[in-house]
Amino acid sequence: MITLVSFLLAACSHVPIATMVKLRNFDLLKTDPGGLRIAVRYPDDIRIPEGGARMHLAVKAKSDGSMLLEERVEFEEIASRADKAELSAELKAGTRISIFRIPERNTPFFKGFQKYMRDKSEAERDALEGTMSISVSACLTSGTVPDKVLVSTFLKSSELGSFVPLLRDVDLAEVISDGTGPEQPDLQPCKPERTRTEVN
């Protein structure tokens, strides 16, 4: 499997300006992990398998780039009628939208990260660089990889109140490029899917 979308909050060059304004209300250190939602719009002949969505939290020292704290938190996909209705206008022909949340079993990791940062003084935090990124693995349901794999991502939290777009129709080849040029995504055939968690 390959990484479908990475660095949702770090890829600022792709984030709409209106979203950047709204994100001022989003505080990673105070947000309720139970209210966090990530949504991904992607081609209909691609699937995100169970366990394919993960959050990566990292804290590095600005002085030398040394890693001080690193957590990887697995998301779970949900079939939320309310969230899907909210994103209905974003659904395009030939695409599907998957919505993810942090499962309860993984909230302690996220809260531990929040506490680690909150317990530091302002001067200590200024010397650190913290990032939150999301990676989503994908597989292929058809026999041919599309010429372009366009993906869009959305974030929702208790502060934001609704989904805001982070990336819009970014080509997967651009996301996974190492800087030398576009790379053809190496999508593998999907395995049988399990039933998703449904919430209202």
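Note that the structure is a prediction, hence the values are computed from the model and not measured. All values below come from the heavy atoms of this structure, side chains included, with hydrogens, waters and symmetry mates left out. Just so you know, residue 1 is the first one in the sequence shown, and it goes up from there.
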Quiz item: Does one side chain, of H56 or E71, offer a donor that lies under 3.5 Å from an acceptor on the other?
Solution: no

Quiz item: Is there a side-chain contact between F100 and I78, using heavy atoms and a 4.5 Å cut-off?
Solution: no

Exercise. Evaluate the side-chain contact (heavy atoms from CB on, under 4.5 Å) criterion for residues L87 and I99: first the C-alpha distance (whole Å), next the side-chain angles of each, then the deciding distance (0.1 Å), finally the verdict.
Key: CA-CA 10 Å; L87 289 166; I99 302 169; 4.0 Å; yes

Exercise. For the pair R37 and E86, find out whether any cationic side-chain nitrogen is under 4.0 Å from an anionic carboxylate oxygen.
Key: no

Quiz item: Hey, does I102 have a side-chain heavy atom less than 4.5 Å from the side chain of M55?
Solution: yes

Practice problem: Indicate the atoms forming the closest heavy-atom contact of A39 with F163, along with that distance. | Solution: CB-CE2, 3.8 Å

Practice problem: Would you indicate whether the side-chain heavy atoms of Q114 and L28 approach each other to under 4.5 Å? | Solution: no

Quiz prompt | Side-chain heavy-atom pair T95, L91 within 4.5 angstrom cut-off | solution = yes

Quiz prompt | Note, R168 side chain near T153 side chain (heavy atom, < 4.5 Å) | solution = no

Exercise. Would you tell me whether T31 and E159 have side-chain atoms, one donor and one acceptor, within less than 3.5 Å of each other?
Key: yes

Quiz item: Quick one: side-chain hydrogen bond (donor to acceptor under 3.5 Å, both in side chains) partners of D126, sequence neighbours excluded?
Solution: none

Exercise. Would you please test L36 and F110 for side-chain contact (heavy atoms from CB on, under 4.5 Å) and show each step?
Key: CA-CA 11 Å; L36 274 179; F110 187 87; 3.8 Å; yes

Quiz prompt | Atom of D44, atom of T141 and distance for their closest heavy-atom approach | solution = O-OG1, 4.2 Å

Exercise. In plain terms, say whether R54 and E74 are close enough for a salt bridge, that is, a side-chain N and a carboxylate O under 4.0 Å apart.
Key: no

Quiz item: Within a radius of less than 6.0 Å around CD of E124, do more than 12 heavy atoms belonging to other residues, nucleotides or ligands occur?
Solution: yes

Exercise. Check step by step if side-chain contact (heavy atoms from CB on, under 4.5 Å) holds for F154 and V164.
Key: CA-CA 5 Å; F154 308 86; V164 297; over 6 Å; no

Quiz item: Which atoms form the tightest heavy-atom contact between P33 and K111, and what is the distance?
Solution: CG-CE, 3.8 Å

Quiz prompt | Flag side-chain contact, heavy atom, 4.5 Å: S152 against E90 | solution = no

Quiz item: Nearest heavy-atom pair of I46 and R96: which atoms, and what distance?
Solution: O-CD, 3.7 Å

Quiz prompt | S98-Y42 side chain donor-acceptor pair, cut-off 3.5 Å | solution = yes

Quiz prompt | salt bridge (charged side-chain N to carboxylate O under 4.0 Å, His left out) assessment of K62 paired with E129 | solution = CA-CA 6 Å; K62 289 181 180 178; E129 181 179 48; over 6 Å; no

Self-check item: Side-chain touch R101/D83, heavy atoms, less than 4.5 angstrom
Solution: no

Quiz item: Do L167 and V151 come within less than 4.5 Å of each other through their side chains, counting heavy atoms only?
Solution: no

Quiz prompt | Quiz item: cation-pi between K120 and Y116, 6.0 Å / 45° | solution = yes

Quiz item: Are L166 and L150 in one and the same hydrophobic cluster, where Ile, Leu, Val, Met, Phe, Trp and Tyr link if side-chain heavy atoms are under 4.5 Å apart?
Solution: no

Quiz item: Closest heavy-atom contact between G65 and K60?
Solution: O-CD, 3.8 Å

Quiz item: Residues in side-chain hydrogen bond (donor to acceptor under 3.5 Å, both in side chains) with K92, at least two apart?
Solution: D169

Quiz item: Please walk me through it: do S162 and L160 pass side-chain contact (heavy atoms from CB on, under 4.5 Å)?
Solution: CA-CA 6 Å; S162 60; L160 297 173; 5.8 Å; no

